[in-house]
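Encoded as structure tokens, the structure appears first; notes follow it.
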Amino acid sequence: DNGMVSEIHIWPSTGGGVSVVFEPMDEEKKAGVVFKSLANGREGHNASLIAYEAEPNSGPVVLHDSRRFRVGGTSDSAPGLATMIGRIQYEMSKKHGVIVPDFVTFVYENHDKGIFLKLSEEGSNGDYSQKPDDVAGVPVGFGPFNYKGMLAAADAVCSELAKKKASARKAA
């Protein structure tokens with residue numbers, strides 16, 4: 001709808017799961033988003049943090065060796081997410097002279113500040129389900145980036161960092 005996301009659904013074959021090897025990260029515990037593995041029933045690290053396009057045939061059309069084909073899934077989402085994070089960091093550097101120092105920690109500390117879009121309806125990846133009112137889930141983590149919300153949260157964080165940096169310079 002005019003470049004706006006109108007619906008977000010879980011693709012039934014998406015990845016996502018809970019580690020049977022790695023304990024939940026401290027950031028997961030602090031954010032209250034710890035899940036149990038279906039394999040062993042113990043709490044583990046959630047493999048999903050941020051959702052992006054999962055379906056392999058839904059991404060952009062690329063030209064390679066004179067052939068056109070769609071590239072979705074990780075082949076589209078990894079560079080797409082990296083580009084969004086890079087753009088946010090660039091904007092923060094330009095505006096405040098500082099960047100978000102640790103993006104993973106930033107995501108966990110700001111997950112409830114409008115930086116993610118929510119599901120339109122309940123869905124499942126076959127193993128785990130997630131509802132629109134869930135803070136986070138296994139199939140799509142916190143959800144897809146809300147770029148404007150992410151930029152606003154980064155702006156608030158970097159504004160404070162810049163003030164602290166300026167204060168430290170004055171004190172020195």
TODO: Mind jotting down which residue pairs meet the salt bridge (Lys or Arg N to Asp or Glu O under 4.0 Å) criterion with at least one end in residues 156-172? Sequence neighbours excluded, please.
DONE: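 Salt bridge (Lys or Arg N to Asp or Glu O under 4.0 Å) check on residues 156-172 returns E160-K163.
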TODO: Anything under 30° is parallel, anything over 60° is perpendicular, the rest tilted; go ahead and classify F145 against F116.
DONE: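 Parallel: the ring planes of F145 and F116 meet at under 30°.
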Task: Aromatic ring pairing F142/Y108, orientation class (parallel under 30°, perpendicular over 60°, tilted between) - done: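 Ring orientation of F142 relative to Y108: perpendicular.
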Report the distance from atom [atom1] of [X] to atom [atom2] of [Y], rounding to the nearest 0.5 Å.
{"X": "S124", "Y": "Q130", "atom1": "OG", "atom2": "CD", "value": "10.0 Å"}
{"X": "Q89", "Y": "C158", "atom1": "CD", "atom2": "SG", "value": "6.5 Å"}
{"X": "R87", "Y": "L151", "atom1": "CZ", "atom2": "CG", "value": "8.0 Å"}
{"X": "K30", "Y": "E109", "atom1": "NZ", "atom2": "CD", "value": "5.0 Å"}

Examine distances only and state if a side-chain atom of [X] and a backbone atom of [Y] form a donor-acceptor pair shorter than 3.5 Å.
{"X": "Y128", "Y": "L38", "answer": "yes"}
{"X": "S93", "Y": "G97", "answer": "no"}
{"X": "N40", "Y": "R42", "answer": "yes"}

Task: Set of residues satisfying salt bridge (Lys or Arg N to Asp or Glu O under 4.0 Å) with respect to D155, sequence neighbours excluded - done: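 Testing D155 for salt bridge (Lys or Arg N to Asp or Glu O under 4.0 Å), a comparison that skips the adjacent residues, returns K95.
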TODO: Verify side chain to side chain contact (heavy atoms under 4.5 Å, CB included) between V18 and V138, making sure each step is shown before the conclusion.
DONE: CA-CA 7 Å; V18 179; V138 175; 3.7 Å; yes
Task: Test applied, side chain to side chain contact (heavy atoms under 4.5 Å, CB included); reference residue, M150; option that passes from I85, I88, N110 - done: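 Testing each of I85, I88, N110 against M150, the sole residue satisfying side chain to side chain contact (heavy atoms under 4.5 Å, CB included) is I88.
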Task: Transitive ILVMFWY side-chain link L161 to V104, under 4.5 Å - done: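 They do share one cluster, since a chain of ILVMFWY contacts under 4.5 Å joins L161 to V104.
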Task: Cluster overlap L81 with V100, hydrophobic side-chain contacts below 4.5 Å - done: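 Same hydrophobic cluster.
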In residues 20-28, what donor-acceptor pairs under 3.5 Å come from side-chain atoms, sequence neighbours left out?
from: E27; atom 1: OE2; to: T105; atom 2: OG1; distance (Å): 3.4
from: E28; atom 1: OE1; to: M25; atom 2: N; distance (Å): 2.6
from: E28; atom 1: OE1; to: H45; atom 2: ND1; distance (Å): 3.0
from: E28; atom 1: OE2; to: H45; atom 2: ND1; distance (Å): 3.4
from: E28; atom 1: OE2; to: N46; atom 2: N; distance (Å): 2.9

Closest contact, heavy atoms only, [X] versus [Y]:
{"X": "A153", "Y": "I115", "result": "CB-CG2, 3.6 Å"}
{"X": "P132", "Y": "E122", "result": "CD-N, 3.6 Å"}
{"X": "V98", "Y": "A162", "result": "CG2-N, 4.1 Å"}

- [ ] State, yes or no, whether a side-chain contact exists between F106 and D102 at a heavy-atom distance under 4.5 Å.
- [x]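 A side-chain contact under 4.5 Å is absent here.
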Open item on the list: Does K113 have more than 12 heavy atoms from other residues, nucleotides or ligands lying within 6.0 Å of its NZ?
Closed with: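 Yes - once you tally the heavy atoms of other residues, nucleotides and ligands closer than 6.0 Å, there are more than 12.
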TODO: Test side chain to side chain contact (heavy atoms under 4.5 Å, CB included) on L119 and K131 and set out the steps.
DONE: CA-CA 7 Å; L119 292 172; K131 299 175 186 165; over 6 Å; no
